[in-house]
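Below is one structure; the comments refer to it alone.
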Amino acid sequence: QVQFVESGGGQVQPGGSLRLSCAASGFTFSTWAMTWYRQTPGKGREVVASIGTAGRSTNYADAVKGRFTISRDNEKNTMYLQMNSLKPEDTAVYYCNTFPRVSSGSWGQGTQVTVSS
């Protein structure tokens, strides 16, 4: 089965940094583009950043451009999200999945990111 396990979240003060990891299994990781999503009660689920199969092509939501960096290691079947200069608005549960079509039945538990003083 396709599985995603997100980790690395936590509580930080505004301006702090976190590095999220997404461990994928159950499919050929290197043949799929990947995406980080985040979800809040008010906004629902939104795309944060996406990355191509080889990691050379990346895209970011306007809200995180210049602050977040997406990357992947196909040898480890793992995707990362380096988050710097965090803002309270970044508070959300962060998920990973394939792109452009999600594996609908394989959403992980996500990892909570809380940015507050």
Side-chain angles (χ1 to χ4, degrees):
Q1 294 183 358
V2 174
Q3 292 187 350
F4 304 102
V5 180
E6 300 91 348
S7 62
Q11 183 173 346
V12 297
Q13 295 186 354
S17 297
L18 286 171
R19 190 192 192 212
L20 307 184
S21 296
C22 168
S25 61
F27 67 102
T28 305
F29 181 75
S30 61
T31 67
W32 284 88
M34 294 287 293
T35 301
W36 282 101
Y37 301 83
R38 65 187 181 187
Q39 185 167 211
T40 62
K43 298 179 181 180
R45 184 171 290 152
E46 62 178 341
V47 174
V48 177
S50 59
I51 188 166
T53 58
R56 298 185 181 92
S57 178
T58 59
N59 295 98
Y60 298 90
D62 288 342
V64 307
K65 284 181 179 178
R67 300 188 296 117
F68 291 10
T69 302
I70 189 171
S71 62
R72 66 191 293 165
D73 185 340
N74 288 342
E75 296 292 334
K76 297 180 178 180
N77 288 357
T78 303
M79 179 175 64
Y80 306 95
L81 186 68
Q82 178 66 48
M83 305 186 297
N84 298 326
S85 301
L86 283 162
K87 303 176 180 180
E89 304 94 280
D90 297 318
T91 296
V93 180
Y94 285 71
Y95 300 88
C96 59
N97 213 305
T98 49
F99 180 87
R101 300 195 69 183
V102 302
S103 183
S104 298
S106 302
W107 290 103
Q109 293 298 305
T111 186
Q112 176 71 52
V113 172
T114 302
V115 185
S116 63
S117 300

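Residues: numbered from 1 along the sequence shown.
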*Any donor and acceptor pair, going by atom type alone, linking the side chain of Asn97 with main-chain N or O of Ser103 inside 3.5 Å?*
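Between the backbone of Ser103 and the side chain of Asn97 there is a qualifying donor-acceptor contact (under 3.5 Å).
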*Hey, is the main chain of Trp32 close enough, under 3.5 Å, to the side chain of Thr98 for a donor-acceptor pair?*
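The answer is no, because no donor-acceptor pair under 3.5 Å joins these two groups.
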Check: residues 39-53 side-chain donor-acceptor pairs under 3.5 Å, at least two apart:
unit_1 : atom_1 : unit_2 : atom_2 : d
Thr40  : OG1    : Lys43  : N      : 3.1
Glu46  : OE2    : Arg38  : NE     : 2.9

_Rounded distance (nearest 0.5 Å) linking atom CG of Asn74 with atom OG1 of Thr31_ =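 It is 9.0 Å, given to the nearest 0.5 Å.
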_For the CZ atom of Phe99 and the CG atom of Asn59, what is their distance to the nearest 0.5 Å?_
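Going from CZ on Phe99 over to CG on Asn59, the span is 7.0 Å.
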*Give every residue pair that meets the side-chain hydrogen bond (donor to acceptor under 3.5 Å, both in side chains) criterion with at least one member in residues 12-23, sequence neighbours excluded.*
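Output for this query lists Ser17-Asn84.
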_Pairs meeting criterion ring pair (Phe, Tyr, Trp, His ring centres under 6.0 Å) with involvement of residues 47-67, two or more places apart_ =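 Of all non-adjacent pairs touching residues 47-67, none passes ring pair (Phe, Tyr, Trp, His ring centres under 6.0 Å).
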For residues 110-117, dump all side-chain donor-acceptor pairs below 3.5 Å to protein atoms at least two apart in sequence or in another chain.
unit_1 : atom_1 : unit_2 : atom_2 : d
Thr111 : OG1    : Gly9   : N      : 2.9
Gln112 : NE2    : Ala92  : O      : 3.4
Gln112 : NE2    : Thr114 : OG1    : 3.3
Ser116 : OG     : Gln11  : NE2    : 3.4

*Give the other cluster members for Tyr80, using side-chain heavy-atom distances under 4.5 Å between Ile, Leu, Val, Met, Phe, Trp and Tyr residues; answer none if it is isolated.*
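None; Tyr80 is a cluster of one.
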*Using the test side-chain hydrogen bond (donor to acceptor under 3.5 Å, both in side chains), find all partners of Ser30 that sit at least two apart in sequence or belong to another chain.*
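Ser30: no side-chain hydrogen bond (donor to acceptor under 3.5 Å, both in side chains) contacts found.
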*For residues 27-103, which residue pairs qualify under disulfide (SG to SG under 2.5 Å), counting only residues two or more places apart or in two chains?*
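Output for this query lists Cys22-Cys96.
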*Can you list every salt bridge (charged side-chain N to carboxylate O under 4.0 Å, His left out) pair that touches residues 61-84, not counting sequence neighbours?*
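Passing the test, one end in residues 61-84: Asp62-Lys65, Arg67-Asp90.
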*Residues in ring pair (Phe, Tyr, Trp, His ring centres under 6.0 Å) with Tyr37, at least two apart?*
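Testing Tyr37 for ring pair (Phe, Tyr, Trp, His ring centres under 6.0 Å), a comparison that skips the adjacent residues, returns Trp107.
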*Name all residues meeting the ring pair (Phe, Tyr, Trp, His ring centres under 6.0 Å) criterion together with Phe4; count only those two or more places apart in sequence or in a different chain, and write none if there are none.*
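With sequence neighbours excluded, Phe4 shows a ring pair (Phe, Tyr, Trp, His ring centres under 6.0 Å) to Phe27, given in chain and number order.
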_Are there over 12 heavy-atom neighbours, none belonging to Gln82, within less than 6.0 Å of that residue's CD?_
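Enclosed: over 12 neighbouring heavy atoms sit under 6.0 Å from CD of Gln82.
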